[in-house]
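Taking it in order: structure first as structure tokens, then the write-up.
All residue numbers in this chain count up from 1 along the given sequence. Everything numeric here is computed off the predicted structure, so don't read it as measured data.
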Amino acid sequence: MRITRIYTGDDGESHFEDIEINFTAAMGLGKRTEHLPAQSISMREADVENVMDWHVAPRRQFVINVAGRAEMECGDGSKRQLGPGDVLLADDLTGRGHITRTVELPRRSVVVPVPDDFDVDALRA
């Protein structure tokens, strides 16, 4: 499984990174990751098209798209669309940030903040 990370580079701009998730065998359950730290969970629903102009992530968080589609634009000019089943680790807390555009409605997502000291490398295969 792959997730998309958006982070701030040394240049102060946001960039995308693909992370392949490290799964281990789970007795009778196929494969799973280790348990990841989470602080809370919330759900969002956008029922109107909107554009969130340049902004940084409010905190380190996973955004799990359930329905609809969003386009993200990084400060380096790259763009990606995230749709149902896509997972984003929003990790660009400084710099110019990114733009988020709702491109398919309704857009529903689950947001799971992670601690500031969350180790991204623990996810990697």
Side-chain angles (χ1 to χ4, degrees):
M1 178 178 172
R2 183 193 77 186
I3 67 168
T4 300
R5 177 180 177 229
I6 189 170
Y7 69 96
T8 305
D10 293 336
D11 59 359
E13 298 291 356
S14 55
H15 303 274
F16 290 116
E17 173 187 22
D18 294 323
I19 298 176
E20 284 295 326
I21 298 298
N22 183 29
F23 286 102
T24 56
M27 292 179 45
L29 299 174
K31 298 176 185 176
R32 67 174 180 89
T33 67
E34 293 299 318
H35 288 278
L36 304 173
Q39 299 172 335
S40 62
I41 184 172
S42 65
M43 287 110 185
R44 289 190 207 159
E45 181 175 72
D47 57 1
V48 296
E49 291 186 22
N50 68 357
V51 176
M52 293 176 63
D53 210 355
W54 294 107
H55 66 285
V56 295
R59 66 194 146 287
R60 297 181 82 195
Q61 60 189 16
F62 285 104
V63 180
I64 304 161
N65 285 321
V66 177
R69 187 167 292 279
E71 179 181 78
M72 314 264 313
E73 180 177 345
C74 285
D76 67 6
S78 59
K79 296 179 184 179
R80 289 196 184 179
Q81 286 198 8
L82 302 173
D86 289 332
V87 178
L88 173 77
L89 174 57
D91 207 7
D92 61 336
L93 305 177
T94 61
R96 183 163 53 148
H98 61 276
I99 297 171
T100 304
R101 297 175 183 92
T102 301
V103 295
E104 181 183 300
L105 296 172
R107 180 172 179 231
R108 295 185 180 121
S109 56
V110 176
V111 178
V112 183
V114 295
D116 291 340
D117 62 353
F118 175 70
D119 182 10
V120 170
D121 290 329
L123 293 173
R124 299 179 197 278

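- Note on Ile6 and Leu89: separate hydrophobic clusters, where clusters join Ile, Leu, Val, Met, Phe, Trp and Tyr whose side-chain heavy atoms are under 4.5 Å apart, directly or indirectly.
- Of all heavy-atom pairs between Arg32 and Ala26, the closest is CG-CB, 3.8 Å.
- Using a 4.5 Å cut-off on side-chain heavy atoms (C-beta onward), Ile99 and Val51 make contact.
- Leu105 approaches Asp47 most closely through the heavy-atom pair CD1-O, 3.8 Å.
- Within the model, atoms CG of Leu88 and CG of Asn65 stand 8.0 Å from one another, a figure rounded to the nearest 0.5 Å.
- In this structure, the side chains of His55 and His98 come closer than 4.5 Å at one or more pairs of heavy atoms.
- Side chains of Val110 and Val66 form a contact here, defined as non-hydrogen atoms less than 4.5 Å apart.
- The neighbour count for Asp53 CG, taken as heavy atoms of other residues, nucleotides or ligands under 6.0 Å away, is above 12.
- Atom CZ of residue Arg108 and atom CZ of residue Arg44 lie 14.5 Å apart, to the nearest 0.5 angstrom.
- Considering all non-hydrogen atoms of both residues, Trp54 and Cys74 come closest at CH2-O, 3.7 Å.
- Across every non-hydrogen atom of Pro37 and Phe118, the tightest pair is CG-CD1, 3.7 Å.
- In this structure the side chain of Asp18 reaches within 4.5 angstrom of the side chain of Thr4, judged on heavy atoms.
- Residues Ser109 and Glu45 form no side-chain contact, since every pair of their non-hydrogen atoms from C-beta on lies 4.5 Å or further apart.
- Val114 and Val120 fall within a single hydrophobic cluster, where Ile, Leu, Val, Met, Phe, Trp and Tyr are joined by side-chain heavy atoms under 4.5 Å apart, directly or via other members.
- The backbone N or O of Thr102 lies less than 3.5 Å from no partner atom in the side chain of Arg107, so there is not a single donor-acceptor pair.
- Here the side chain of Ser14 pairs a donor or acceptor atom with the backbone of Gly97 at under 3.5 angstrom.
- The heavy-atom pair separating Lys31 from Phe23 by the smallest distance is CB-CB, 3.7 Å.
- Using a 4.5 Å heavy-atom threshold, the side chains of Ile19 and Arg124 count as touching.
- Nearest heavy-atom pair, Arg60 versus Asp117, reported as atom, atom and distance to 0.1 Å: NH1-C, 4.0 Å.
- How far CE of Met72 is from CZ of Arg101: 10.5 Å, rounded to the nearest 0.5 Å.
- In the hydrophobic clustering of ILVMFWY residues, with side-chain heavy atoms under 4.5 Å counting as a link, Phe62 and Met52 come out apart.
- By the neighbour-count criterion of 12 heavy atoms within 6.0 Å, atom CG of Asp121 is densely surrounded, having more than that number from other residues, nucleotides or ligands.
- Clustering ILVMFWY residues whenever any of their side-chain heavy atoms sit less than 4.5 angstrom apart, transitively, puts Val63 in the very cluster that holds Leu82.
- Between Leu36 and Leu123 there is a side-chain heavy-atom pair separated by less than 4.5 Å.
- The backbone N or O of Pro113 lies less than 3.5 Å from no partner atom in the side chain of Arg59, so there is not a single donor-acceptor pair.
- Ring pair Tyr7/His15 is tilted by interplanar angle, where 30° to 60° counts as tilted.
- Criterion: ILVMFWY side-chain heavy atoms under 4.5 Å apart, direct or through other members. Under it, Met1 and Val112 are part of a common hydrophobic cluster.
- Note that the CD1 atom of Ile21 and the CD atom of Glu34 stand 12.5 Å from one another [nearest 0.5 Å].
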